[in-house]
Amino acid sequence: MKKPKITTSNIIFLIVILLLVIPQTRQPIQVFFHKGLAKISPSTITNSDQEKLTDYNWNLVDQNGKPFNLEKAKEKVIFINFWATWCPPCIAEMPSIEALYKDYNDKVVFLLVSDEKPEKIKAFNTKNNYSFNFYNPVSPPPSSFETRSIPRTFVVDKSGNIVIDKGGAANWNSKTVRETLDRLLSE
């Protein structure tokens, strides 16, 4: 029987596997890999395939306990992101959402929605120093926003048409997204 050959690539492979098994190092490694995947810009949905939001009755509460109903966002451009603090692809795309938010927060309604406890979300926000508010759902979302996995992001135009529906991490600060928001805001 041949003696296994130890190569640099085998050693690196074993180190990566070991790091993925250790809980403290698993998430940072996953976030790193998802940041690479999050370089991809989401695409818009063609007009004929767009779903129209008809039910705006969705109650949320922000990280400060202030209630918000989606009705307040009717006839505005809306950016809705479903996420969690434990989700590596969610964490990977947050910096691009932050950059987009800094330029569009006065024109677009940003709703970053998580089912996690407010204390956990506040700790996450404090650690990362994000500018946007986070929301917890108080009632189920409209059927148009049903999600089975996170992150899941929707961009809704002023007429209620869902123009972007993206599952997985994406680059939300891309030229494509900015051009889409500019077009939607000018309509």
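These values consider heavy atoms only, across backbone and side chains, with no hydrogens, waters or symmetry-generated copies. Every value quoted in this text rests on a predicted model; they were computed, and no experiment measured them.
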Original post:
Same cluster or not: are L111 and V61 linked, directly or through other Ile, Leu, Val, Met, Phe, Trp or Tyr residues, by side-chain heavy atoms under 4.5 angstrom apart?
Top reply: no
Original post:
Are W86 and Y135 grouped together when hydrophobic residues (ILVMFWY) are joined by side-chain heavy atoms under 4.5 angstrom apart?
Top reply: yes
Residues which pass side-chain contact (heavy atoms from CB on, under 4.5 Å) with [X], listed by chain and number, not counting sequence neighbours:
{"X": "N128", "result": "F124, Y130"}
{"X": "T46", "result": "S48, D49"}
{"X": "K102", "result": "E98, S131"}

Quick one: pull up [atom1] in [X] and [atom2] in [Y] and give me the separation to the nearest 0.5 Å.
{"X": "S114", "Y": "I150", "atom1": "OG", "atom2": "CD1", "value": "7.0 Å"}
{"X": "I164", "Y": "I80", "atom1": "CD1", "atom2": "CD1", "value": "12.5 Å"}
{"X": "T85", "Y": "M94", "atom1": "OG1", "atom2": "CE", "value": "9.5 Å"}

**OP:** Using modelled atom types only, decide if a donor and an acceptor are shared between the side chain of S96 and the backbone of W172 within a distance under 3.5 Å.
**Re:** yes
Original post:
Got a donor-acceptor contact below 3.5 angstrom from the N125 side chain to the I121 backbone?
Top reply: no
So, for [X] and [Y], which heavy atoms are closest and what is the spacing to 0.1 Å?
{"X": "L53", "Y": "D55", "answer": "CD1-O, 3.4 Å"}
{"X": "P151", "Y": "A169", "answer": "CG-N, 3.7 Å"}
{"X": "W58", "Y": "P137", "answer": "NE1-CB, 4.1 Å"}
{"X": "Q50", "Y": "I162", "answer": "CG-O, 3.4 Å"}
{"X": "A92", "Y": "P95", "answer": "O-CD, 3.4 Å"}
{"X": "D115", "Y": "N136", "answer": "C-ND2, 3.9 Å"}

Would you mind writing out the side-chain donor-acceptor pairs for residues 178-187 within the sub-3.5 Å range, not counting sequence neighbours?
residue: R178; atom: NE; partner: N173; partner atom: OD1; Å: 2.8
residue: R178; atom: NH1; partner: D103; partner atom: OD2; Å: 3.0
residue: R178; atom: NH2; partner: D103; partner atom: OD2; Å: 2.6
residue: R178; atom: NH2; partner: N173; partner atom: OD1; Å: 2.7
residue: T180; atom: OG1; partner: T176; partner atom: O; Å: 2.8
residue: D182; atom: OD1; partner: Y104; partner atom: OH; Å: 2.7
residue: D182; atom: OD2; partner: Y104; partner atom: OH; Å: 3.4
residue: R183; atom: NH1; partner: E187; partner atom: OE2; Å: 3.2
residue: S186; atom: OG; partner: D182; partner atom: O; Å: 3.4
residue: S186; atom: OG; partner: R183; partner atom: O; Å: 2.9

Subject >> Non-neighbouring partners of F134 that pass ring-ring contact (aromatic ring centres under 6.0 Å, His included), sequence neighbours left out >> reply: W83, F132
**OP:** Could you walk me through whether N161 and I45 pass side-chain contact (heavy atoms from CB on, under 4.5 Å), step by step?
**Re:** CA-CA 10 Å; N161 298 305; I45 302 170; over 6 Å; no
Ignoring hydrogens and angles, write down the donor-acceptor pairs under 3.5 Å from the side chains of residues 65-77, residues two or more places apart or on other chains.
residue: N69; atom: OD1; partner: E71; partner atom: N; Å: 2.8
residue: N69; atom: ND2; partner: N57; partner atom: OD1; Å: 3.1
residue: N69; atom: ND2; partner: N59; partner atom: OD1; Å: 2.7

Original post:
Would you find more than 12 non-hydrogen atoms of other residues, nucleotides or ligands less than 6.0 Å from K120 atom NZ?
Top reply: no
Subject >> Over 12 non-hydrogen atoms of neighbours within 6.0 angstrom of NZ in K117 >> reply: no
Original post:
Do N81 and E93 get their side chains close enough for a donor-acceptor pair, meaning under 3.5 Å?
Top reply: yes
**OP:** Just say parallel, tilted or perpendicular for the rings of F82 and F145, cut-offs at 30° and 60°.
**Re:** tilted
Original post:
Taking side chain as C-beta onward, heavy atoms only, is N64 less than 4.5 Å from N133?
Top reply: yes
**OP:** Evaluate side-chain contact (heavy atoms from CB on, under 4.5 Å) for F79 paired with L100, printing each intermediate quantity in order.
**Re:** CA-CA 10 Å; F79 181 98; L100 187 69; 4.1 Å; yes
